[in-house]
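Before any comments, here is the structure.
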Amino acid sequence: MTHGRTTNSGATPPENTPSFGVPRQRADAPQARPEARPEESGYDARWVMSPFDTDDTSGSSGSSGSSDTFGTRVPAENPGSPFDAPSASAASLAPSVPAPANPATPAAAAPKKASGRDRYLDLLRTLALVRVVAYHLFGWAWLTVLFPSMGVMFALAGSLMARSLKRPALGVIRGRIRRLLPPLWVFSAVMLAMMFAAGWNISEDPDNGGTWGMIELFNYVVPVGAPPFPWSIGDKSGLLEQTWAVQSAGVLWYLRAYLWFVLASPLLLWAFRRAPWPTLLAPLGLTAVVGTGIVTIPGETGNAVSDFAVYGGCWVLGFAHYEGMLQKIPRYVAVSCSTLLMAFGLWWASGHLGPDGWDLNDIPLAQATWSFGFVVILLQYSPSWQDLPGRLKRWDKLVTLSNSRAMTIYLWHNLLIMATVPILDQLYELPFMNDQMVGLLDATYMVWMFVLVWPLIGLAILAVGWIEDLAAKRSPRLWPTGSKKPARPGAHSGPGTGSGSASHSHSRPRSRARAR
C-alpha cells in the first residue's frame, strides 16, 4: 500500500519536497512554517488554564476564596491573583451601583465582583483552534482571510500577559516558561524517538549536520530557535508519508514566537503605556520593511524577526484591549479605520500572490494588516460574556476543554491528521468495498479525515493533556470541561492506494507546517 500524496493539479511533488507545505528550515529554501496554537485557557485557578497564556497562580492547596459558577477559584482580597478583577472590557461595561443608603446594610448585599473569565474571548480561541486544524488538513487559502486565527490568538495572549504583568515581571515570565516547557518536552521526546527510529542521523543530515546541528537540538528543549528535522524520512510504503517529520515538528515555530513575545512583554508594555500609538503601529512599520524585501534578514533569524513583526501588532492590541484603550475610541472610527487597513491588506495581497494564491501566510504585509484590522473589530465588539448566551451554551464544555488543553491540541494535531491516513486506508480492505464504494470513499476521504482527527485529538488530551496541569502546579485532570457545581471545601476546583481494487489515487490533505 502506498501513501504518496498528490497536489491539487494531480502532479506528484518531488521526492524531497513536502507535499503540503515547505518547511522553514534552510536559509536558501522557500519559507514554510506551522500553524497554530493556542493560547490562554482555563477556568479553575487550579487546573483549567493553558500554559500559553495562563496567569501564574501559586497553585497552593491552601489558597482561600470562593468558587464562581464555572468552578473558578476567586481569591479573597488577594491583589496578586489574576482572578481578582474582571477584564478591562468587562469593567468598562459594568454598570455603576450606588452605595447603600443604610450604613447597616450587610456586606453581602454589595455588588458581586465578576470572575476573571471572559467567555467571548474563550470562544474566539476555540474557533481559532478549529480553524487551524481545518486549514492544516484542507489547505484552503481562503481560510486565512475568513478568520486569521494566529492574529486572534496572539491578541488574546497579549491581553492576558498585560493582565499578569500587574505582578513582578520576572515571576510572570518564569511562570509562562514553566507552563510552556513540560508539554513541549513530551512532544519533543516522541518526535525525536520516532525520527531516530526511522533512521535519521543528524550528524549525516546535509541540512542539519555537524556540530551546529547537534546544538540546534536544544530547540526541542527550549524553543528559542528552529529545531532541526529531516525533510524526508522513511519510505513511500510506510504508515506515514515521507514528510511527516516536517509537518509535525514544523509547528514549533509558534512556540518560538510566543516565547519571544513573553520575554519582550515587560518592555513592550512599558513602551505602550508611555507611547501607545507608536508602540501599537511600530510592528506594522517593521513588517513593511522586513516583510516586503526592502531589508532581507537571511535564515531562521529572518523568519523569527518576520513572525515577531507580523504578529507584534496583534500582541500589542491585546495590551490595548486590557488597558481599555480600544473602548475609548468611538466604534465607528475604529471599524472604519480597520476596514481601510484590511482593504489595503487585500489590495497588497492581490499584487503579491504566493504559490497558493490568496494564502496570507505567504504575504507578510497582507497578513499583518488584515489580522490587525480583524482583531480590532473583534475586540471592539467584545461583549464580555460571563456565560455563553443562547444556543452557544450547548458548547460550553467543549469551549472549556479546548481552552484548557489548547497547547496539547496545537502540538499534536498535525501528527494526528497524518495518523488518520493509515487508519482510513484500512477501509479499502473491507469485503463489501466495490468500485462504487471505493469511489465514494475517494470523494469524501478528507471529510472523513476531519471527522476522525477529533477523536484522536481527544485521545491525545487523555494521554498527555494532564501534563499541562503538572506544568502549572495544579492537580492533574484527564478531561477538564469545568463544572457548574460549587467547589467543595478543599477541592480544586490523501489516501493511499487500496490494495483490494484497481490503482486509484487520492488527493491527500495539504496540511502545512508553516501555516497560521
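Everything numeric here is computed off the predicted structure, so don't read it as measured data. When reading the values below, keep in mind they use all heavy atoms of this one structure, side chains included, and skip hydrogens, waters and symmetry mates.
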Exercise. Checking ring pair (Phe, Tyr, Trp, His ring centres under 6.0 Å) for the pair F261/Y311: CA distance, chi angles, key distance, verdict?
Worked result: CA-CA 9 Å; F261 280 126; Y311 297 106; 7.9 Å; no

Exercise. Going through the distances and angles, do D387 and K393 end up as a salt bridge (Lys or Arg N to Asp or Glu O under 4.0 Å)?
Worked result: CA-CA 7 Å; D387 276 305; K393 202 172 189 65; 3.6 Å; yes

Problem set entry | ring pair (Phe, Tyr, Trp, His ring centres under 6.0 Å) evaluation trace for W140 with Y135 | CA-CA 6 Å; W140 293 329; Y135 175 82; 9.6 Å; no

Exercise. Going through the checks in order, is the side-chain contact (heavy atoms from CB on, under 4.5 Å) test met by L281 and V316?
Worked result: CA-CA 9 Å; L281 299 177; V316 180; over 6 Å; no

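Using the six-membered ring where Trp is involved, F308 and W260 have ring planes that are tilted, between 30° and 60° apart. Ring orientation note: the planes of F374 and F147 are nearly perpendicular, at an angle over 60° on the 30°/60° scale.
Look at D122 and R125 and you find a salt bridge, because one of the NZ, NE, NH1 or NH2 atoms lies within 4.0 Å of a carboxylate O, short of that distance.
The backbone N or O of G302 sits nowhere less than 3.5 Å from a side-chain atom of S306 that would complete a donor-acceptor pair.
Side chains of T408 and E468: a donor on one and an acceptor on the other come within 3.5 Å. Counting only N and O atoms by type, the side chains of W412 and S248 include no donor and acceptor under 3.5 Å apart.
In this structure, CZ on F344 lies 10.5 Å from CG on L346, to the nearest 0.5 angstrom. The CG atom of L470 lies 12.0 Å from the CZ atom of R179; values are rounded to the nearest 0.5 Å.
Counting non-hydrogen atoms of other residues, nucleotides and ligands closer than 6.0 Å to CH2 of W395 gives a total of 12 or fewer.
You'll find the side chain of F154 reaches within 4.5 Å of the side chain of Y254, heavy atoms only.
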